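Below is one structure, written out as structure tokens; comments come after it.
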There are 2 protein chains.
Amino acid sequence: MDNKTKILECSLELFSLHGFNSIGIQDIVDKVGIKKPTLYHYYGSKEGLLQSLLSEHFKPFNNAVRQAADYHGDLPKTLNEVAFAFISFAKDNKNFYRMILSMSFDPPESITLKTVTPFLTEQFQLIEELFIKASNNHGNLKGRHMRYAVSFIGMLNTYISLLLNEHVSLTDDLVYNVVHQFMHGIFS
Amino acid sequence: MDNKTKILECSLELFSLHGFNSIGIQDIVDKVGIKKPTLYHYYGSKEGLLQSLLSEHFKPFNNAVRQAADYHGDLPKTLNEVAFAFISFAKDNKNFYRMILSMSFDPPESITLKTVTPFLTEQFQLIEELFIKASNNHGNLKGRHMRYAVSFIGMLNTYISLLLNEHVSLTDDLVYNVVHQFMHGIFS
DNA sequence: CAATCACTATACCGGTTGGTACACTAATTT
DNA sequence: AAATTAGTGTACCAACCGGTATAGTGATTG
């Protein structure tokens with residue numbers, strides 16, 4: 001594998017474990033086995049490296065979400081597909097998901113939040129649009145698009161956190177259970 | 001106000017806005033208007049400052065949660081009281097809540113996560129115990145204490161995030177809506 | 001009055017940070 | 001064969017980091 005790719009892999013592992021701010025360029029190049037100018041040749045700056053790392057993984061992720069969130073009249077089915085897109089991506093990209101989940105709660109003025117926000121906004125809009133379209137068939141959703149989009153993603157991330165920490169395992173019915181709880185609560 | 005207190009206030013504001021790692025001791029003492037040895041006299045180290053800052057706010061917070069989570073046979077009522085404890089504390093301590101919410105998603109090896117974890121664990125146990133006791137009256141909760149405790153806190157934090165970003169305002173029925181959604185889902 | 005105390009200022013430390021100037025090599029292009 | 005190019009190593013930089021040795025302050029206590 002070439003150095004350019006190896007840099008992405010190693011920095012992802014280090015960032016997800018220790019955080020973007022706690023990892024120095026020197027840590028990364030040491031792990032890859034190269035010298036600093038090589039990294040700067042490819043990515044220009046630490047921020048540029050983060051940008052490349054994010055778009056590399058977010059593009060396929062958000063494409064999968066867009067496909068899953070395409071509404072065709074069956075809200076429960078669509079929510080299930082969205083949940084599956086999130087959970088299976090998180091399972092296949094544990095380090096990356098850990099990192100973006102962390103960054104999405106980073107302080108308002110941090111570079112990390114500012115860099116990750118556009119990708120998260122795109123996700124949010126896909127889900128919000130889904131609830132807007134579904135509100136034609138479900139009157140009680142009207143005027144609550146934003147709240148439900150946020151709380152649906154919130155619930156997904158809550159269960160994905162459990163998954164990442166291995167407090168719960170990815171069984172076939174996890175997706176079903178999450179969506180069911182979101183739709184009908186805990187009393188059923 | 002004395003310097004010792006002013007240090008706590010200023011560091012909270014800086015940490016919540018920029019993050020613990022991005023703020024240097026120099027930033028804090030500049031904002032307070034003192035010199036470094038004064039800060040080190042009171043708090044010994046940057047980590048000691050964080051520890052003091054956390055316990056200062058977490059003690060009253062968790063006491064309020066403990067009182068609210070005391071189960072007496074009415075689960076919806078108790079959940080409402082817990083939700084109120086969380087939401088009203090968050091509203092009165094926006095900077096602090098923003099900071100701990102961020103720290104609770106920090107990377108596994110970070111000092112911030114390790115320092116905040118004991119306080120969050122205490123919270124979690126209070127809520128989990130509530131669901132364990134309630135499962136005597138609600139058979140369908142059995143064996144799901146952990147998942148429900150986590151997802152209840154997760155939902156609270158999801159709505160508190162909205163509150164902190166002022167995407168939703170603290171009306172009288174916010175607490176009711178959150179608990180209702182948790183118990184009965186979005187279809188009711 | 002002398003001694004102790006909590007507190008604060010000056011000045012400094014070794015180590016690390018993100019980033020770079022420059023030289024070199026090996027492959028590709030002309 | 002000459003020139004260009006991408007990629008990499010050596011050595012270095014100013015700025016900043018958390019932390020401290022030391023001395024001095026003014027108020028309290030013996």
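Keep in mind that what you see is a predicted model, and the values were worked out from it rather than measured. Naming: A, B, ... by sequence-line order, numbering from 1 per chain.
- Atoms OH (B:Tyr40) and C1' (D:dC17) sit 9 Å apart, rounded to a whole Å.
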- [ ] Could you check A:Asn63 against A:Gln67 for side-chain hydrogen bond (donor to acceptor under 3.5 Å, both in side chains), going step by step and ending with a plain yes or no?
- [x] CA-CA 6 Å; A:Asn63 283 339; A:Gln67 200 170 340; over 6 Å; no
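- The CD1 atom of A:Ile25 sits 22 Å away from the P atom of C:dG15 (whole-angstrom rounding).
- Proximity note for B:Thr38 (side chain, C-beta onward) versus D:dG9, C:dT8, C:dG19: the nearest is C:dT8.
- At whole-Å resolution of the value, CD1 in B:Ile28 and P in D:dC16 are 17 Å apart.
- Here the P atom of nucleotide C:dT20 and the CD atom of A:Gln26 are 15 Å apart, to the nearest Å.
- With 3.5 Å as the limit, one finds a donor-acceptor pair spanning the side chains of B:Tyr159 and B:Gln181.
- Phosphate contact (OP1/OP2 of C:dT8, side-chain N/O of B:Asn3, threshold under 4.0 Å): present.
- Going from atom CG of B:Asn21 over to atom P of C:dG18 covers 12 Å, rounded to whole Å.
- Within the nucleic acid shown, A:Ile23 comes within 4.0 Å of sugar-phosphate atoms alone, with no base atom in reach, counting heavy atoms only.
- A cation-pi geometry, defined here as NZ or CZ lying under 6.0 Å from the six-membered ring centre and within 45° of its normal, holds between B:Lys46 and B:Phe20.
- For the pair A:Asn21 and B:Ser22, the tightest heavy-atom approach, listed with the atom from each and the gap, is ND2-OG, 3.6 Å.
- Taking atom OH on B:Tyr43 and atom P on D:dG19, their separation rounds to 15 Å, with Å as the unit.
- Regarding B:Lys6, its NZ atom lies at a distance of 14 Å from the P atom of C:dC7, rounded to whole Å.
- As a whole-Å value, the separation of B:Ile34 CD1 from D:dT25 C1' is 16 Å.
- Taking side-chain N and O atoms only, B:Ser45 has no distance below 4.0 Å to OP1 or OP2 of D:dG18.
- Here the side chain of A:Pro37 is nearest to one of D:dG18, C:dT8, C:dA21, namely C:dA21.
- Within 6.0 Å of CZ on A:Phe124 lie more than 12 heavy atoms contributed by other residues, nucleotides or ligands.
- Between the side chain of A:Lys46 and the base of C:dG19, no donor-acceptor pair of N or O atoms lies under 3.5 Å.
- Put simply, B:Lys35 has a side-chain N or O that comes within less than 4.0 Å of OP1 or OP2 on C:dT10.
- For A:Tyr42 and D:dA6, the shortest distance from a side-chain N or O to OP1 or OP2 is not below 4.0 Å.
- For A:His41, the listed nucleotide lying nearest its side chain is D:dT8; candidates were D:dT8, D:dG9, D:dG18.
- Residues B:Lys36 and B:Gly33 each lie close to DNA chain C; by heavy-atom proximity, the contact nearer the 5' end of the strand is made by B:Gly33.
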